[in-house]
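Basis for what follows: all heavy atoms, side chains included, without hydrogens, waters or symmetry-related copies.
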Amino acid sequence: MSRKRVQDAHISAQIRALHGALIDIVSVMNRPQRDEMMVREAGISLDRALFPLLVGIERLGPIGVVDLADRVGRDYTTVSRQVAKLESLGLVERQAGAADRRVREAIVTPKGKTMTDAVDAARERIGRAIFATWDEHDIDELVRLMRKFADAVTGDAPSDP
């Protein structure tokens with residue numbers, strides 16, 4: 001058997017194992033109970049359906065509703081109503097888009113930022129518990145490789161010279 005076939009078989013097995021791990025991670029991340037737990041841990045009062053939108057707007061904003069809906073895998077009209085709810089709560093505001101003034105983009109308000117800061121603190125406490133038994137090097141490598149993988153998947157990876 002040639003070396004190439006052995007490498008191909010190994011890569012195929014690794015891609016399958018990676019896909020399985022990603023499904024496990026995404027399944028946990030998408031559970032409504034996970035969002036409820038994060039909201040509780042952060043000590044904030046926010047409907048769990050609004051929680052990922054607020055965090056997304058804070059991380060990605062200014063962002064249009066169509067782009068946000070695409071990123072969270074929800075219908076545009078549903079996300080539009082939910083962003084309007086966040087706006088009514090004073091957590092986000094909408095403004096004309098920088099590139100296209102017809103597009104309304106959502107940005108987080110100072111009140112919304114205070115809420116996402118509480119979520120970040122809760123996420124750090126949970127993360128510290130998860131990584132409590134890990135070596136620092138392993139954590140560093142996980143973060144480095146996840147960023148590299150995310151960049152490659154999203155098409156943001158630097159091109160080879």
Side-chain angles (χ1 to χ4, degrees), residues 18-19 21-134 136-159:
L18 175 62
H19 187 252
L22 289 171
I23 287 173
D24 290 346
I25 292 167
V26 169
S27 295
V28 168
M29 299 293 286
N30 284 339
R31 287 183 185 144
Q33 302 90 330
R34 183 75 172 186
D35 288 349
E36 289 170 1
M37 185 266 304
M38 186 67 74
V39 166
R40 264 193 324 275
E41 179 69 25
I44 61 175
S45 177
L46 186 65
D47 182 293
R48 71 169 176 78
L50 302 178
F51 166 73
L53 297 176
L54 178 62
V55 171
I57 292 166
E58 192 270 329
R59 296 295 190 274
L60 305 167
I63 186 169
V65 172
V66 172
D67 188 16
L68 183 61
D70 187 48
R71 288 172 179 265
V72 297
R74 295 186 195 163
D75 178 71
Y76 162 81
T77 57
T78 301
V79 171
S80 181
R81 281 192 306 274
Q82 291 170 327
V83 170
K85 178 68 174 171
L86 287 169
E87 191 173 24
S88 75
L89 294 171
L91 302 175
V92 303
E93 54 189 37
R94 292 193 247 192
Q95 63 186 23
D100 183 345
R101 308 291 291 165
R102 296 170 297 176
V103 174
R104 305 243 315 140
E105 295 177 329
I107 59 168
V108 72
T109 63
K111 182 179 177 183
K113 179 71 169 120
T114 298
M115 209 173 261
T116 61
D117 286 348
V119 170
D120 289 343
R123 184 176 291 112
E124 181 169 337
R125 288 190 298 275
I126 293 165
R128 285 181 179 276
I130 291 168
F131 294 119
T133 61
W134 287 46
E136 186 176 334
H137 173 76
D138 289 343
I139 297 168
D140 293 345
E141 281 300 287
L142 174 66
V143 171
R144 182 183 71 78
L145 292 171
M146 288 298 291
R147 181 73 266 158
K148 184 177 181 177
F149 179 66
D151 290 345
V153 167
T154 61
D156 294 340
S159 50

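The structure places CD of Gln33 at 9.5 Å from CZ of Arg40, a figure rounded to the nearest 0.5 Å. One finds the CZ atom of Phe51 at 11.5 Å from the CG atom of Asp47 (value rounded to the nearest 0.5 Å). For the atom pair CD (Glu87) and CZ (Arg94), the distance works out to 4.5 Å, reported to the nearest 0.5 Å. If you take CD1 on Ile63 and CD on Glu58, they are separated by 12.0 Å, rounding to the nearest 0.5 Å. Between Ile57 atom CD1 and Thr116 atom OG1 the span is 10.5 Å, to the nearest 0.5 Å. Of the inter-residue distances, the one linking Leu91 atom CG with Met115 atom CE reads 5.0 Å to the nearest 0.5 angstrom.
Using a 4.5 Å heavy-atom cutoff, the side chains of Leu142 and Trp134 are in contact. Residues Val65 and Arg104 form no side-chain contact, since every pair of their non-hydrogen atoms from C-beta on lies 4.5 Å or further apart.
Considering all non-hydrogen atoms of both residues, Val79 and Val72 come closest at CG2-CG2, 4.1 Å. Here the shortest heavy-atom pairing between Lys85 and Leu50 reads CG-CD1, 3.6 Å. Of all heavy-atom pairs between Leu86 and Leu54, the closest is CD1-N, 3.9 Å. Of all the heavy atoms in Asp35 and Met29, the pair that sits closest is OD1-O, 4.3 Å. Between Ala96 and Glu105, the closest heavy-atom pair is O-OE1, 4.3 Å. The shortest non-hydrogen separation linking Val83 to Val92 is O-CG2, 3.8 Å.
Formation of a donor-acceptor pair under 3.5 Å by the Lys111 side chain with backbone atoms of Leu89 is found in this model. For Ser27 (side chain) and Ile23 (main-chain N/O), a donor-acceptor pair under 3.5 Å exists by modelled atom type. The backbone N or O of Glu41 sits less than 3.5 Å from a side-chain atom of Arg125, completing a donor-acceptor pair. Of the possible polar contacts, none joining the Ser80 side chain to the Tyr76 backbone as a donor-acceptor pair under 3.5 Å is found. Without hydrogens or angle criteria, Thr109 side chain to Gly90 main chain gives a donor-acceptor distance under 3.5 Å.
A salt bridge links Asp120 with Arg123: at least one charged nitrogen is closer than 4.0 Å to a carboxylate oxygen.
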Fill in: Pair Met38-Ile126, side chain to side chain contact (heavy atoms under 4.5 Å, CB included): steps then yes or no
CA-CA 9 Å; Met38 186 67 74; Ile126 293 165; 3.9 Å; yes

Item to complete: Report the C-alpha separation of Phe149 and Leu18 in whole Å, then their side-chain angles, then the decisive distance to 0.1 Å, and conclude whether the side chain to side chain contact (heavy atoms under 4.5 Å, CB included) test is met.
Response: CA-CA 11 Å; Phe149 179 66; Leu18 175 62; 3.8 Å; yes

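More than 12 heavy atoms of other shown residues, nucleotides or ligands fall within 6.0 angstrom of atom CZ in Arg144.
Counted by atom type alone, Arg74 and Gln82 present one or more donor-acceptor pairs between their side chains at under 3.5 Å.
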